[in-house]
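Written below as structure tokens is the structure these notes are about.
Atoms within each ligand, like the ligands themselves, are counted from 1 in listed order. FYI, side chains are in, hydrogens and waters are out, and symmetry mates aren't considered; it's all heavy atoms of this structure. Quantities reported herein were computed from a predicted structural model and do not represent experimental measurements.
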Amino acid sequence: MSDSYAQTLAEANRAVADAAAVVATDRQRPSYHLMTAANWINDPNGPVYHDGYWHMFFQHNPYVADFGPMGWGHVRSPDLVRWEHCPIAIMPTPGSYDGAGCWSGSVVIQDGLPHMMYSGVADMTLWSVEDDIPPSDRQRIPQGYYDEFLLEIDQETQCIATSRDGMQTWDKHAANPVIPATPPGLDLIGFRDPFLWKEGDGRWYMLLGSGIKGRGGVALLYRSPDLLEWEYLNPLYIGDPAESGINWECPNFLDLGAKHMLVVSPHGRPIYWLGQYVERAFQPAGAARRLDWGDVFYAPNSLCDPAGRWLMWGWVREARPRDQYAAAGWASCLTLPREITLDAAGELRVKPAAEMKMLRGESLFADLVEVSEGNTHLLGGARGDRLEISCRVESADCEALRIRFRQSPDGEQFTELVYDFRASTLRLLREQSTDTAAVTVAPCECQLVLGAGEALDLTIYLDNSVVEVYANERLTMTSRIYPSRVDAQGLSLDCSGGSAKAHVAIWPMASIWGDTR
Ligand code: FRU
């Protein structure tokens, strides 16, 4: 490591440490979701289990709470529950192949040695979509699909770094960039975010997110014997832009046993397909589906742990304007680890990793609760802003069931999760969650059609400004609220148009950082 690069890292670490002292007491800051000590985080990168620790890396601008010259931040945990901040893993080397950013990627272990594969961005020259996509095609693309980083393609390359000291420091490889250019003959939009796995033939396989101009988003499949020499094979899958946009970021490919799952982030809501992996190509068994039904979830990344369990984390964005989060000195976090499985029918199941139960404090409330129209239940007066709230419906003969949280005593401020039994919709309503201007308060909504005999089973993880909803192990909804009133801590359950009985349990959640916040 050169002296000047060592200094770059030292300055970056100092910037985070200086800012950390200021943000620690911010009431909007989550305490059991992974995040930086201060300033900016976006995508989860390179989750890996190695030598008794879970490691998570992430896109990190250590200097301000805003997008910028991105390095890889690093946290680690012995148990997925207690985490510690580690020194920043890598930062851009000014003037080099990664001078404008060390972008998203993966970490794998080869011959006992951790290898990080990331996208180097030499320069942030932006490519104009309008230049390349005819208006007729643009109309076919769902709104909001290309408002992010569409870089000039020759700025993106794939790079390697290795660590010899338990992932505390990383050396960028002398052969970087190990993939210096796009495959010949393909006219591509993006070229980034390596996702790696090893197959039975002992070789590494890798996806890169991209888009073929005039065709659609694509995951490009590569192969390597040693992580240094890479051979481009073929597109794993090319999407229809009407369904999945023109360019894909952060592809993930999960071998779930009976099926494979392809996940992409198409500059809009992340989507997935379930299907078969046949002769190095993916054959989806149906249409793309949304991975999360909130409004802040993006760029998920996953790992298969030593027990064969697939865990996935997503980036939880802010829902307040840039000037507000930049002023706060921190922005965004990651979701809880989500376990991804298939059920007997081959459908996707998603639930929080079982370890999250270890974060529970002493129960605040646990009872079978009966509600009817006009009779609101106050759940034993339980209160809080960092809670797990579980509501399993035993019987319901009503139109809608509502769980309110972050409610002020006078009822002025609150957020509510409502299940409408007639429309089979789950909605998160935030119109009264804050009086802070310009915060997004539009409802999040999804369809949740209950099968015959299937009971509604909701879990809400509340972590100051973060709300994660898990419904029937089938759907997640990740969103943000920014209650401005300190006394907005109350909870209640009620229903309209009939009555319902539900098992409700509420726990306070401990910080993952070992502090007492
Ligand atoms: C997705 C993304 C990735 C890129 C990274 C840059 O959010 O745009 O494609 O590698 O973020 O921080």
His33: what forms a side-chain contact (heavy atoms from CB on, under 4.5 Å) with it, not counting sequence neighbours? Pro30, Cys333, Leu336, Asp463, Val466, Glu468
Could you list the atoms of ligand 1 found under 4.0 angstrom from a heavy atom of Asp193? 3 (C), 4 (C), 9 (O), 10 (O)
Counting only nitrogen or oxygen atoms and a 3.5 angstrom limit, does Trp103 reach ligand 1? no
N or O pair under 3.5 Å between Trp315 and ligand 1: no
Short side-chain to backbone donor-acceptor contact, Tyr482 and Ala319, under 3.5 Å: yes
Considering only heavy atoms of Gln59, which atoms of ligand 1 have at least one such atom less than 4.0 Å away? 5 (C), 6 (C), 12 (O)
Would you mind checking if Lys172 and Asp98 are paired as a salt bridge, meaning a charged N to carboxylate O distance below 4.0 Å? yes
Is it true that Glu355 and Arg309 make a salt bridge, defined as a side-chain N closer than 4.0 Å to a carboxylate O? yes
Output the list of atoms in ligand 1 that are nearer than 4.0 Å to some heavy atom of Asn42, sorted by atom number. 5 (C), 6 (C), 7 (O), 11 (O), 12 (O)
Suppose I only count heavy atoms of Glu249 and a 4.0 Å limit; which atoms of ligand 1 are within that range? 1 (C), 2 (C), 3 (C), 8 (O), 9 (O)
Under the side-chain contact (heavy atoms from CB on, under 4.5 Å) rule, collect the residues that match up with Val64, sequence neighbours excluded. Asn61, Asp66
Pick whichever of Val121, Asp43, Asn247 has a heavy atom sitting closest to atom 7 (O) of ligand 1. Asp43
For ligand 1, which atoms sit closer than 4.0 Å to a heavy atom of Arg192? 3 (C), 4 (C), 9 (O), 10 (O)
What's the separation between atom CD in Gln110 and atom NZ in Lys198, rounded to the nearest 0.5 Å? 6.0 Å
Taking distance alone, with no angle check, do Tyr298 and ligand 1 share an N/O pair under 3.5 Å? no
At less than 4.0 angstrom from any non-hydrogen atom of Ser104, what atoms of ligand 1 do you find? 5 (C), 10 (O)
Say whether Asn45 and Tyr118, considering side chains only, have a donor N or O and an acceptor N or O under 3.5 Å apart. no
